[in-house]
There are 2 protein chains.
Amino acid sequence: MAKSETPRKRRKVQGVTMMDVAERAGVSPSTVSLFFRNPDAVSAKAGNAVRTAVRDLNYAPNRMAGGLASASSPVVGVIVPSIRNAFFAETIASLQRGLDPARLQIMLGQTEYDQSVEDALVRTTLSWAPAALVVAGTDHSAATRQLLKASGVPVVEIWELGGETPLDMAVGFDHREVGAAAARHLASRARRSLVFLSGRVHEDKRAASRAEGFLAEAKALGLPARHFDHPAPATTELGGILFNRVLAELGNEDAVGIGCSNDHIALGVLFEAQRQARSIPGDYAVMGFGDLEFASSAAPALSTIRPFGDVIGSETARLILGRRAGLEDTDRTSIIDTGFRVVQRQTT
Amino acid sequence: MAKSETPRKRRKVQGVTMMDVAERAGVSPSTVSLFFRNPDAVSAKAGNAVRTAVRDLNYAPNRMAGGLASASSPVVGVIVPSIRNAFFAETIASLQRGLDPARLQIMLGQTEYDQSVEDALVRTTLSWAPAALVVAGTDHSAATRQLLKASGVPVVEIWELGGETPLDMAVGFDHREVGAAAARHLASRARRSLVFLSGRVHEDKRAASRAEGFLAEAKALGLPARHFDHPAPATTELGGILFNRVLAELGNEDAVGIGCSNDHIALGVLFEAQRQARSIPGDYAVMGFGDLEFASSAAPALSTIRPFGDVIGSETARLILGRRAGLEDTDRTSIIDTGFRVVQRQTT
DNA sequence: CCTATAAATAATAGCGCTACGAAACTGGCA
DNA sequence: TGCCAGTTTCGTAGCGCTATTATTTATAGG
């Protein structure tokens, strides 16, 4: 019996490789690779041959091989507390749009407001040698800060300014200022006392900052102010619950100004006020945060503070692409304050 | 002058490699690799040595190298129309949670309801040799279907059932049925005529299916029904606009049943009705879809149809992990109907 | 005490691509 | 025609890891 020839090794694993394309196009693999990275560096003839071969074979490059060889990958890690949060969702959508022309893809991680999860997520994401890392907030564990700094990967901290010094780049605004602006606005609407309603400030540091700014400004204005927080997430339902607590505790005051940590809570206040037949903005002026889609159509239309979540996304993309292109942004220009705007409508 | 020794090649590029860990732990690189993939296959002594070395050196494995060598990567591609859509956001959040224990990360893509974008996204995502691909809907271009099938990557189509035959696995529900259920519910509330309000059905195929189901069922029930659509996205503001169109065209009818393609539109109807002093549910019964967070707290509380977006996410994760574990799901069990529930509140 | 068998570890050969330098072409112009 | 500079193409050597096979070490049995 003839000993059968055993093919020693070879785990053919990918359908069509760059080598196949090269062979079909009648050029070397190097040329194919070059064509992908810089089409202009290749003659028109070779370029067309490659293009045709790619189409014929339906070739898609193996990003992992490319990433390994070049020690960089076309992914941008994005780590946010929760994607269900409309703010982050908007920013991510706009970030992605900005990243698109550079063919960078988003790798998503959610911390669920847990810093140890953030730690793990940063570590894993870093192991993809991402082109950049985008994280929400500037409040990170020492380990994470260290890891981030040591990695050499461009880091953009978003949605928060004014707290810790940014590690690298930052795009956002100061939430204490937002709170203060809300308090000032309510004061300007002849409110004699203020309250701030929020959900789980123990986890949501940015909501906590807004509360802090609100209360500090109230004090500076000489207005009595109270803070009602609840460990549950900041939802419409919670808005109703908190408003009832306000009624229970300040039921016989009028000209109360209510600042809400976001529009969901404000919406809950609106609904509950309607149920309880309280007058808005007569007895209770209500101010939201976020300028979510429903704010302008609510009845009465909700006064709120508009952050620019989409701008945060697009500016973040701009910074990342700029850094990639080797544009030497000075430190000054890579911290971008996107600001916010007080939008007065009918509830104040 | 002594000729300087030129180190030929060597692009040292990663801080700490597996080789460094091996050296420090006093074992071979193979053992380190083995330890990561299957800790039990390594002796306690070697395991501890590796663990310590990893900690000391703050080592993070290079996923691209691993992925290249093993021809598979720990990422799950997720392609949805828009992450700003609360439905998809919820599903993605829950999917991520389900994927977490397997250390699978999500790579996100948004089509913005553009099929050619979907095509491109599928192609790029595939080039990461993902552990699985999750796409919204079952309506894909022929090229995409072909690509997906040929790739051999597990595919889960989510949020839609009842249209095209799924390519591989599917988790969702039938949107025509949702529309029909809404029509039936309104009929059961003594409505004499029905309308359906929606935004951009030309793009959102699932909303189109709901509309279709609604109108077909109305016909079957012998009720007159009209469809008001608008090319703009389905927002609260649009709800108000559409409701005004309804008033203009059926202003003197009473007992009208309004089905909305989602809760945002329904909310807009509620607000506009309040402004126009129309009685809900007296003259106009309103039915939403989504059971979004605000639905139960609205005034009046919004009747709606609740999909189970979180279940879609967790079931999708379950299918992916099952497939990975090599559990041979029959075709039957890998199409999961998560159903929906009619939630009656005060607006009907 | 020595062999048979299992368990643990190590050596080897790529995975598919990119970076780099070398080779092979151009096309002037002396 | 020959030679040089510039352009285009190609060959080589890895990137850091995994899969597989080979080797060593521990365990047991006669």
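Quantities reported herein were computed from a predicted structural model and do not represent experimental measurements.
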From [options], pick the nucleotide closest to the side chain of [X]?
| X | options | result |
| --- | --- | --- |
| B:M18 | D:dT18, D:dG16, C:dT9 | D:dT18 |
| A:S28 | C:dT18, D:dT8, D:dC10 | D:dC10 |
| B:L34 | C:dT18, C:dC17, C:dT9 | C:dT9 |
| B:A69 | D:dA19, C:dC17, C:dC15 | C:dC15 |
| A:N62 | C:dC17, D:dT9, D:dC15 | C:dC17 |
| A:S70 | C:dT18, C:dC17, D:dC17 | C:dT18 |
| A:T17 | D:dC10, D:dT18, C:dC17 | C:dC17 |

Check the distance between [N]'s [atom2] and [X]'s [atom1] and give it to me in whole angstrom.
| X | N | atom1 | atom2 | answer |
| --- | --- | --- | --- | --- |
| B:E23 | D:dC17 | CD | P | 14 Å |
| B:L68 | C:dC15 | CG | P | 9 Å |
| B:M19 | C:dT12 | CE | C1' | 14 Å |
| B:N38 | D:dA19 | CG | C1' | 14 Å |

Residue mapping more 5' on DNA chain C - nearest nucleotide basis, A:F36 or B:K45: B:K45

Looking only at side-chain N and O atoms, does [X] come under 4.0 Å of OP1 or OP2 in [N]?
| X | N | value |
| --- | --- | --- |
| B:Y59 | D:dC17 | yes |
| A:R37 | C:dC17 | no |
| B:S43 | C:dT9 | yes |
| A:R63 | C:dG16 | no |

Donor on one side chain, acceptor on other, A:Q115 and A:H140, under 3.5 Å: no

Pair A:R123, A:S127: side-chain N/O donor-acceptor within cut-off below 3.5 Å: no

Pair of N/O donor and acceptor under 3.5 Å linking C:dA10 base with B:T31 side chain: no

Quiz item: A:S30 side-chain donor-acceptor pair to D:dG11 base, under 3.5 Å: yes

NZ/NE/NH1/NH2 to OD/OE distance under 4.0 Å, B:K149 and B:D168: no

B:E164 with B:R145: basic N within carboxylate O range, under 4.0 Å: yes

Plane angle bin for A:Y59 and A:F36 - parallel if under 30°, tilted between 30 and 60°, otherwise perpendicular: tilted

